[in-house]
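Here the structure is laid out as structure tokens; the discussion comes afterwards.
All residue numbers in this chain count up from 1 along the given sequence. Nothing here was measured: the structure is a model prediction, and the numbers come from that model. What you see below is based on every heavy atom in this structure, not just the backbone, and it leaves out hydrogens, waters and symmetry mates.
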Amino acid sequence: MELKDKLSALQQEALAKVNDASDAAALQQVKVEYLGKKGIITGLMKEMKSLPNEEKPMFGQLVNEARQAVEAAMTEKDTELKDKAINDKLQNETIDISLPGRNFNVGSAHPLTKIVEELEDLFIGLGYEVVEGYEVETDYYNFEALNLPKSHPARDMQDSFYITEELLMRTHTSPVQARTLESRKGQGPVKIICPGKVYRRDSDDATHSHQFTQIEGLVVDENIKMSDLKGTLELFAKKMFGAEREIRLRPSFFPFTEPSVEVDISCFKCGGAGCNVCKGTGWIEILGAGMVHPNVLEMAGFDSEKYSGFAFGMGPDRIAMLKYGIEDIRHFYTDDLRFLEQFKAVEDGGSEHVSQ
């Protein structure tokens, strides 16, 4: 029959082109030419209408068999071409194992991140909760809830960047303490540390920056005493600067604590004999602290007759400068890789002193 002969010839022609295909593109072209929607073999189905009805089923079966034969050949050829491509690649791409290996630069944690994480680990081990807050704060939580009304002269010491009259970049992380106390609705205990960046309008130099990091701690419960604060700070000093360290408390003033103290640690470089680090005094000022002012407790809804507490605030920037021998705070924020790469050695167990 003419159509059957035509189908047989087309099948053999398609199989020959499949066999001759040299790459995937040529193989795809054969598929489109013979088996596509407008392909030659596919088009024979339309010519069945010229056959007697009794021959149509048989011819339809022959067309499907032809399609299947061509598709099977194409699958086999595709596998053959892929295997050949892999073998050619293996032959052409060789690895010279005598060549030296490539060095990959691996970074390390920023020195301030290292100090913050070290402090967090210390206080989490003491049962503290890490709480973070907003860097853009309201005047109320940044000042007023901390016993600093709008007319208080101590605000001049924390001049900040104002967005509006009531919104500013926070000058300390103390607003986190105020918000946390308020959220507890007068019920203790509260035991938190608050790490984060703070901002003050300042002239940048070797020891001052308009932005810096701070970690504050707060404990509020029944029967909290100054001795609890002293014991906590002694443990902090020994863990961060060595077991031989001692602390000294000097009277000071902060609006949100009463009594308030400045805390010094014995110099870890000279052991108290006097050197350039401690400026010949044998002591290094490290942080401020005190007992939470009753007004702060009352504004947050706590009964100051029942509850008492202590608070402290320290700067990881200053701690890192002392611990690593860094002389300029601006190194932390200028992203100089020559400076930052030195801390890879510290992370790997090298000396803690960083050259300048």
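When only modelled atom types and interatomic distance are considered, Glu166 and Thr138 share no side-chain donor-acceptor pair under 3.5 Å. Looking only at atom types and distance, the side chain of Glu135 has a donor-acceptor partner in the side chain of Tyr199 under 3.5 Å away. In summary, the side chains of Ser209 and Asp317 do not present any donor paired with an acceptor at a separation below 3.5 Å, with no hydrogens or angles considered.
In this structure, Lys191 contributes its side chain and Leu126 its backbone to a donor-acceptor pair below 3.5 Å. With hydrogens and angles disregarded, no donor-acceptor distance shorter than 3.5 Å links the side chain of Ser304 to the backbone of Glu298. Although no hydrogens or angles enter the test, the distance criterion places a donor-acceptor pair under 3.5 Å between the side chain of Thr79 and the main chain of Thr75. Of the possible polar contacts, none joining the Tyr162 side chain to the Leu167 backbone as a donor-acceptor pair under 3.5 Å is found.
Between Ala320 and Ile326, the shortest heavy-atom contact is O-CD1, 4.1 Å. Leu146 and Ser174 make their closest contact through CD1-CB, 3.3 Å (heavy atoms, listed as atom of the first residue, atom of the second, distance). The minimum heavy-atom distance between Tyr307 and Gly186, with the atom names listed, is CE1-O, 3.5 Å. Taking each heavy atom of Arg330 and Ala206 in turn, the nearest pair found is NH2-N, 3.7 Å. In terms of heavy atoms, Leu119 sits closest to Pro316 at CD1-CG, 4.5 Å. Pro195 and Val116 get closest at one heavy-atom pair: CB-CG1, 4.1 Å.
With values rounded to the nearest 0.5 angstrom, Phe310 atom CZ is found 14.0 Å from Ser260 atom OG. Note that the CD atom of Glu341 and the CG atom of Asp336 stand 9.0 Å from one another [nearest 0.5 Å]. The distance from the CE atom of Met314 to the OG1 atom of Thr213 is 11.5 Å, given to the nearest 0.5 Å. How far CG of Asp204 is from OG1 of Thr334: 11.0 Å, rounded to the nearest 0.5 Å. The structure places NZ of Lys17 at 9.5 Å from CG of Asp20, a figure rounded to the nearest 0.5 Å. Residue Glu144 holds its CD atom at 13.0 Å from CG of Asn295, rounded to the nearest 0.5 Å.
By the 4.5 Å heavy-atom criterion applied to side chains, Phe161 and His210 are counted as neighbours. Using a 4.5 Å heavy-atom threshold, the side chains of Glu132 and Val176 count as separate. With a 4.5 Å cut-off on side-chain heavy atoms, Gln177 and Val292 do not count as touching. In this structure the side chain of Val190 reaches within 4.5 angstrom of the side chain of Thr180, judged on heavy atoms. At a threshold of 4.5 Å between non-hydrogen side-chain atoms, the residues Phe236 and Leu287 count as touching. Between Tyr333 and Gln211, some side-chain heavy-atom pair lies under the 4.5 Å cut-off. Side chains of Leu322 and Ile284 form a contact here, defined as non-hydrogen atoms less than 4.5 Å apart. When side chains are defined from C-beta on, Asp139 counts as touching Lys150, because their heavy atoms get closer than 4.5 Å.
Shown here is Arg250, whose CZ atom has more than 12 heavy atoms of other residues, nucleotides or ligands within 6.0 Å.
Between Glu120 and Lys114, none of the side-chain N atoms (NZ, or NE/NH1/NH2) sits under 4.0 Å from a carboxylate O, so this pair counts as no salt bridge. A salt bridge links Lys323 with Glu118: the distance from a Lys NZ or Arg NE/NH1/NH2 to an Asp or Glu carboxylate oxygen falls below 4.0 Å.
Both Leu235 and Met226 sit in one connected hydrophobic cluster of ILVMFWY residues. Membership requires side-chain heavy atoms under 4.5 Å apart, directly or through other members. No path of Ile, Leu, Val, Met, Phe, Trp and Tyr side chains, each step under 4.5 Å between heavy atoms, connects Met299 with Ile192, placing them in separate hydrophobic clusters. Taken together through direct or relayed side-chain contacts under 4.5 Å among Ile, Leu, Val, Met, Phe, Trp and Tyr, Ile286 and Ile215 form part of one hydrophobic cluster. In the hydrophobic clustering of this structure, Val261 does not group with Val296; members are Ile, Leu, Val, Met, Phe, Trp, Tyr whose side-chain heavy atoms approach within less than 4.5 Å, directly or through other members. By the criterion of side-chain heavy atoms lying less than 4.5 angstrom apart, applied directly or through intervening Ile, Leu, Val, Met, Phe, Trp or Tyr residues, Val219 is grouped together with Leu233 in one hydrophobic cluster.
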Steps toward side-chain contact (heavy atoms from CB on, under 4.5 Å) verdict (Glu33, Ile40): CA-CA 6 Å; Glu33 183 179 354; Ile40 300 172; 4.2 Å; yes
Between Phe343 and Tyr324, does the ring pair (Phe, Tyr, Trp, His ring centres under 6.0 Å) criterion hold? Intermediate values first, please. CA-CA 9 Å; Phe343 293 91; Tyr324 300 133; 5.2 Å; yes
Test Asn147 against Phe254 for side-chain contact (heavy atoms from CB on, under 4.5 Å), laying out the working first. CA-CA 9 Å; Asn147 205 34; Phe254 302 111; over 6 Å; no
Candidate pair Phe332 and Met321, rule side-chain contact (heavy atoms from CB on, under 4.5 Å), full reasoning: CA-CA 10 Å; Phe332 293 131; Met321 291 176 74; 3.6 Å; yes
CA sep, side-chain torsions, deciding dist, call: Lys239, Leu122, side-chain contact (heavy atoms from CB on, under 4.5 Å): CA-CA 8 Å; Lys239 288 289 186 181; Leu122 169 61; 3.7 Å; yes
Begin from the C-alpha positions of Tyr141 and Glu182 and carry the test side chain to side chain donor-acceptor pair (under 3.5 Å) through to its verdict. CA-CA 10 Å; Tyr141 286 108; Glu182 186 179 82; 2.6 Å; yes
Check: residues 66-74 side-chain donor-acceptor pairs under 3.5 Å, at least two apart:
unit_1: Arg67; atom_1: NH1; unit_2: Leu35; atom_2: O; d: 3.4
unit_1: Arg67; atom_1: NH1; unit_2: Thr42; atom_2: OG1; d: 2.9

Taking only distance into account, with no hydrogens and no angle test, what donor-acceptor pairs under 3.5 Å do side-chain atoms of residues 240-249 form with protein atoms, sequence neighbours excluded?
unit_1: Arg245; atom_1: NE; unit_2: Ser266; atom_2: O; d: 2.9
unit_1: Arg245; atom_1: NE; unit_2: Ser266; atom_2: OG; d: 3.2
unit_1: Arg245; atom_1: NH1; unit_2: Phe241; atom_2: O; d: 3.4
unit_1: Arg245; atom_1: NH2; unit_2: Cys267; atom_2: O; d: 3.3
unit_1: Arg248; atom_1: NE; unit_2: Asp264; atom_2: OD2; d: 3.1
unit_1: Arg248; atom_1: NH2; unit_2: Asp264; atom_2: OD2; d: 2.9

Distance-only check: which donor-acceptor pairs under 3.5 Å involve side-chain atoms of residues 21-32, not counting sequence neighbours?
unit_1: Asp23; atom_1: OD1; unit_2: Ala25; atom_2: N; d: 3.2
unit_1: Asp23; atom_1: OD1; unit_2: Ala26; atom_2: N; d: 2.8

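Residues passing the salt bridge (Lys or Arg N to Asp or Glu O under 4.0 Å) test with Glu80 are Lys77, sequence neighbours excluded. Applying the salt bridge (Lys or Arg N to Asp or Glu O under 4.0 Å) rule to Glu137 yields the partners Arg179; only residues at least two apart in sequence or on another chain are considered.
In this structure, His172 and Phe256 have perpendicular ring planes: the angle between them is above 60°, well past the 30° mark.
Within the 6.0 Å centre-distance limit, the rings of Phe339 and His331 are counted as a close aromatic pair. The distance between the ring centers of Phe312 and Phe123 falls below 6.0 angstrom.
Sorted by first and then second residue, the side-chain hydrogen bond (donor to acceptor under 3.5 Å, both in side chains) pairs involving residues 220-232 (not counting sequence neighbours) are Lys230-Glu234.
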